[in-house]
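What follows is a set of notes on a single structure, which appears directly below.
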Amino acid sequence: MTIRRTTALAAAATVLSLTALTGCNDDAPSAAPAPAAPPATTPAATPTTPDAAPTSAPAAASASAPASAPAEAPAGGVIDPEQALAQAARTPYAASQDFRTEGGPLVATTTGRINLNGKVRTGRLTESLGAGGGSAGDPVVVTEDATYVKSGSGWRKSPLGDRIADYHGYAKALSALGPAARKGMEEQNGAPAFHLSGTLDLEKMRAVDAEHYLNLKRMGVTSFQLDQWIDAQGRTVRFDQRVEIRGTATRTYGTFRDFGPVEPVPAPN
């Protein structure tokens, strides 16, 4: 990560989905034609070969919680991705998220504070969609049993879905590709991180992100390029996914920061 992710926003912006991909507003119309081509300035035109690394990282949004110390690399200075991911699976955590999806004339953005790697992924988000990401954004609260979207002066409650993506599952899938996907140590935000990169077959993602898998499958996607950076504790610090949807190159990318213990997310009043 909740409300069910719809394909409408993904089609309108030719995006993957705002849950990591971070889910999207289910008030959007049920179908919209994909744009003919992405804008000339979109970063979605980055190479899509397994070895290609993204050209830039998104700027971090203002912190919504006190920052914790970044994870240090283990002795020897090299993170073992399998060990790090195994540690992360045992330790739920909170992080601030700043994501952007580009492709076609519309830009979707998602910022907020989320809890990852727990039994249920929860958090508080702000989602926007428009030219240049231009709307003020819709507040979203994802609790353990439902999702709430601000509607006028009140909140609309929907059943839990997968609005917040399983980033840990994506990193594990990349690591499982073997040595070719393990690009080695790089610095991210002033801290050591391990870079994973590869092309993931969509069918392998059914168990990781079932709803997102179905949305992409309906749009004819069979694989996508993913670059992901994890720290020594296996937490995702940067995520960059590129895919072609109906002839349009689309990129969803973002960063995580200000890691800390899981935070309570009550239902809004």
Side-chain angles (χ1 to χ4, degrees), residues 1 19-22 50-100 110-123 164-200 204-205 208-209 225-241 252-263:
M1 159 312 359
T19 325
L21 312 89
T22 50
D51 293 335
T55 56
S56 62
S62 58
S64 57
S68 59
E72 296 182 357
V78 178
I79 296 170
D80 182 317
E82 289 189 359
Q83 290 182 9
L85 290 170
Q87 178 180 347
R90 299 189 297 267
T91 312
Y93 63 91
S96 295
Q97 168 188 343
D98 184 2
F99 265 61
R100 186 177 179 93
T110 303
T111 59
R113 186 82 177 161
I114 59 178
N115 295 317
L116 296 170
N117 291 7
K119 184 177 179 181
V120 180
R121 298 181 292 277
T122 61
I164 301 173
D166 181 5
Y167 298 99
H168 183 260
Y170 280 104
K172 285 181 62 178
L174 277 178
S175 182
L177 293 177
R182 300 174 188 182
K183 303 304 179 183
M185 298 295 296
E186 297 178 11
E187 186 175 288
Q188 293 293 318
N189 246 350
F194 194 92
H195 182 190
L196 297 165
S197 177
T199 300
L200 290 178
K204 293 181 180 179
M205 303 316 299
V208 175
D209 202 346
Q225 169 69 19
L226 178 62
D227 284 81
Q228 196 164 347
W229 290 257
I230 61 172
D231 66 11
Q233 296 180 32
R235 303 173 303 199
T236 297
V237 296
R238 183 177 166 195
F239 185 93
D240 198 311
Q241 183 183 38
T252 296
Y253 61 100
T255 57
F256 296 95
R257 56 195 160 72
D258 303 335
F259 298 110
V262 169
E263 301 167 6

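Every heavy atom of this structure was used, including side-chain atoms; hydrogens, water molecules and symmetry mates were not. For this chain, numbers begin at 1 and follow the sequence in order.
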Notebook entry, point to check: Are side-chain heavy atoms of Val237 and Asn189 found at a separation under 4.5 Å?
Noted result: no
Notebook entry, point to check: Do the side chain of Asp231 and the main chain of Gln233 share a donor and acceptor less than 3.5 angstrom apart?
Noted result: yes
Next item on the list: Take Leu200 and Leu177, measure what side chain to side chain contact (heavy atoms under 4.5 Å, CB included) needs, and give me the verdict at the end.
Entry: CA-CA 8 Å; Leu200 290 178; Leu177 293 177; 3.8 Å; yes
Item checked: Distance-minimising heavy-atom pair for Ala94 and Pro261 -> CB-O, 3.3 Å
Item checked: Minimal non-hydrogen separation, Gln228 against Leu174, with atom names -> CB-CD1, 3.8 Å
Next item on the list: Look up atom CZ in Arg257 and atom CD in Gln188, then write down how far apart they are to the nearest 0.5 Å.
Entry: 14.5 Å
Item checked: By side chain to side chain contact (heavy atoms under 4.5 Å, CB included) - contacts of Val208 (at least two apart) -> Asp166, Tyr170, Met205
Next item on the list: Report yes if some heavy atom in the side chain of Thr110 is under 4.5 Å from a heavy atom in the side chain of Gln97; otherwise report no.
Entry: yes
Note to self: Suppose we screen for ring-ring contact (aromatic ring centres under 6.0 Å, His included). Which residues come up paired with Phe256, at least two apart in sequence or across chains?
What the structure shows: Phe99, Tyr167
Note to self: If I compare all heavy atoms of Gly260 with all of Arg113, which pair ends up nearest, and what's the gap?
What the structure shows: N-NH2, 4.1 Å
Notebook entry, point to check: Which residues satisfy the side chain to side chain donor-acceptor pair (under 3.5 Å) test with Glu82, sequence neighbours excluded?
Noted result: Arg182
Item checked: Stepwise side chain to side chain contact (heavy atoms under 4.5 Å, CB included) test for Asn117 and Thr91 -> CA-CA 7 Å; Asn117 291 7; Thr91 312; over 6 Å; no
Checklist line | Single hit among Arg235, Met185, Arg238 for side-chain contact (heavy atoms from CB on, under 4.5 Å) with Trp229 | finding: Arg238
Next item on the list: Could you list the residues that satisfy side chain to side chain contact (heavy atoms under 4.5 Å, CB included) with Ala84, not counting sequence neighbours?
Entry: Ile79, Ile230
Checklist line | Check: Asp240 main-chain N/O paired with Asp227 side-chain donor or acceptor under 3.5 Å | finding: no
Notebook entry, point to check: Hey, are Thr255 and Asp98 close enough side-chain-wise for a donor-acceptor pair under 3.5 Å?
Noted result: no
Notebook entry, point to check: Closest approach of Gln225 and Ser197, non-hydrogen atoms and distance?
Noted result: NE2-OG, 3.2 Å
Note to self: Testing the basics here: between Pro81 and Leu196, what is the closest heavy-atom pair and its distance to 0.1 Å?
What the structure shows: CB-CD2, 4.3 Å
